[in-house]
Participant: 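First the structure, which I've put down as structure tokens, then a few questions once you've had a look.
Given the structure is predicted, the values throughout are model-derived calculations rather than measurements. Atoms within each ligand, like the ligands themselves, are counted from 1 in listed order.
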Amino acid sequence: LKEGKAEVLHKPGEAFYNPAQVQNRDLSIAVLREFFKLRDEEAASKKKDGKEEEKHQRRVLEGLSATGLRAIRYAKEIEGLTEVVANDFSAAAVESIDRNVKHNKVEEIVKASHADASLLMHKAKQVEKDKFDVVDLDPYGSATPFLDAAVQAVNEGGLLAVTCTDLAVLCGNHSEACFAKYGCTSLRGKHCHELAIRIVLSSIESHANRYKRHIVPLLGVYMDFYVRVFVRVYTSASAVKWSASKQSMVFQCTGCGAYHLQPLGKVVERGNSIKFLPSLGPPVGELCELCGYKHQLGGPMWSQPYFQPEFVGRVRAQLWGDQAGFASYKRVCGLLTALEEELVDQPLFYDLSVLASLLNVVCPSNAAFAAPLLKAGYRLSHSHTSPMAMKTDAPVEALWDIMRGWVKDHPVKKLKEGSPGFRLLQQESKHIVDPDFTVTAEQRKEDKASRSTPKYMPNPTPDWG
Ligand SMILES: [Zn+2]
């Protein structure tokens with residue numbers, strides 16, 4: 001079995017190999033390459049400032065390695081790695097790692113390790129030089145049992161890469177299980193995959209905070225059947241004070257789906273003084289002002305940006321520039337393009353098809369819906385998790401103003417009295433009174449440009465993942 005520059009001897013029934021994870025590994029290699037470049041740039045600029053250059057060993061830990069395939073690819077495809085520890089708890093897996101390491105002739109770099117991943121990381125945290133530049137956790141299921149050790153085993157400014165595949169839990173089907181595992185209550189809704197990314201980040205941050213550390217997310221994505229996040233970890237007692245204000249509870253209406261964020265903390269800056277206070281709230285009344293239904297309470301979630309557009313662009317260029325090396329470059333580049341185009345500062349989104357179905361009306365095209373919103377000066381993007389997403393800085397009331405304009409020309413099929421849709425139609429429009437659905441020339445130009453890069457690729461096979 002060949003993938004990238006690695007060849008894996010794989011017996012059926014042995015350690016777990018999932019071909020759908022090619023994209024995960026391709027993406028991870030590109031991210032690690034750019035991360036190490038970033039570190040070199042930081043070191044170079046420090047040197048220019050007259051500070052002594054820090055010599056970095058380049059050490060990576062793959063905590064749950066299974067076949068060792070990922071570790072071997074890291075060793076072969078990322079320049080200058082000094083050590084990759086490929087760890088697994090299963091003796092059979094470690095045997096297969098050993099065999100594959102020899103077969104690929106990377107014994108110099110990849111060291112097989114047979115240990116409990118948490119124990120290994122807790123040992124590594126004790127001596128600064130034993131900490132890793134990169135800790136990669138790619139479990140089958142949730143990574144939460146390993147987070148406490150992982151946030152301590154990464155060195156200063158190092159990279160923590162985390163996969164979670166328990167999407168049913170993260171996406172609101174078992175919100176109580178989500179709270180138990182992540183310390184956050186998940187909610188249902190079309191934005192659940194983005195919420196899942198933000199819940200994982202919130203959970204990592206809270207683990208880090210206990211050790212005066214905090215995270216800076218570089219990139220987070222939802223793919224196929226998992227979420228994957230890459231964050232840098234820093235130590236700073238003063239930065240940790242900001243943590244509460246970086247996270248929010250989510251009030252979500254059970255009738256119309258309107259959501260409002262309640263930050264967990266408030267920061268007041270006056271001149272040189274910074275005060276940290278409990279936040280004021282709630283942001284909603286007892287009943288939804290739009291439809292009169294009650295709210296569900298989810299979170300806390302990470303409400304700061306979950307990716308850095310510039311870094312995402314660099315990773316995309318990395319993949320695009322090495323098409324021979326990355327089997328899945330097309331699909332991953334499409335995904336990253338969609339991510340880059342997202343409004344980075346607007347958490348969550350509404351789904352156009354849901355708005356239309358609440359009113360029992362034919363769904364406007366994305367472009368028609370966008371036209372009045374853009375004309376009113378609001379910003380709008382899709383989400384990498386859904387092409388139907390309306391991610392915007394407009395208040396939710398403005399979205400319903402547009403839908404009320406839409407139903408004037410598109411008759412509503414019967415709506416039950418007292419239903420959310422019925423009540424929404426009775427509201428008066430305030431933000432966008434007479435929406436004009438004519439698509440602008442500017443929109444057409446952008447649409448044409450964006451069509452040249454396919455973003456939402458179908459799965460290669462029906463039973464993918
Ligand atoms: Zn409502």
Participant: Can you tell me how far the CD atom of Glu3 sits from the CZ atom of Arg73, to the nearest 0.5 Å?
Facilitator: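 Answer rounded to 0.5 Å: 4.5 Å.
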
Participant: Pull up every protein N/O/S atom sitting under 2.8 Å from the Zn ion (ligand 1), skipping waters.
Facilitator: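 Correct list: Cys253 SG, Cys256 SG, Cys288 SG, Cys291 SG.
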
Participant: Can you tell me if Ser175 and Arg188 form a side-chain donor-acceptor pair at under 3.5 Å?
Facilitator: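 The answer is no; no qualifying pair exists.
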
Participant: Taking the six-membered ring for Trp and the full ring for Phe, Tyr or His, determine whether the centres of Tyr259 and His191 are under 6.0 Å apart.
Facilitator: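 Ring centres of His191 and Tyr259 closer than 6.0 Å.
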
Participant: Any ion pair linking Arg232 and Glu205 (charged N to carboxylate O, less than 4.0 Å)?
Facilitator: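 No, no charged N to carboxylate O under 4.0 Å.
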
Participant: Using modelled atom types only, decide if a donor and an acceptor are shared between the side chain of Asn87 and the backbone of Ala115 within a distance under 3.5 Å.
Facilitator: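 Yes, Asn87 side chain to Ala115 backbone: donor-acceptor pair under 3.5 Å.
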
Participant: For Leu343 and Lys391, work out which heavy atoms get closest and say how close.
Facilitator: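 Scanning both residues, the minimum pair turns out to be CD1-O, 3.4 Å.
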
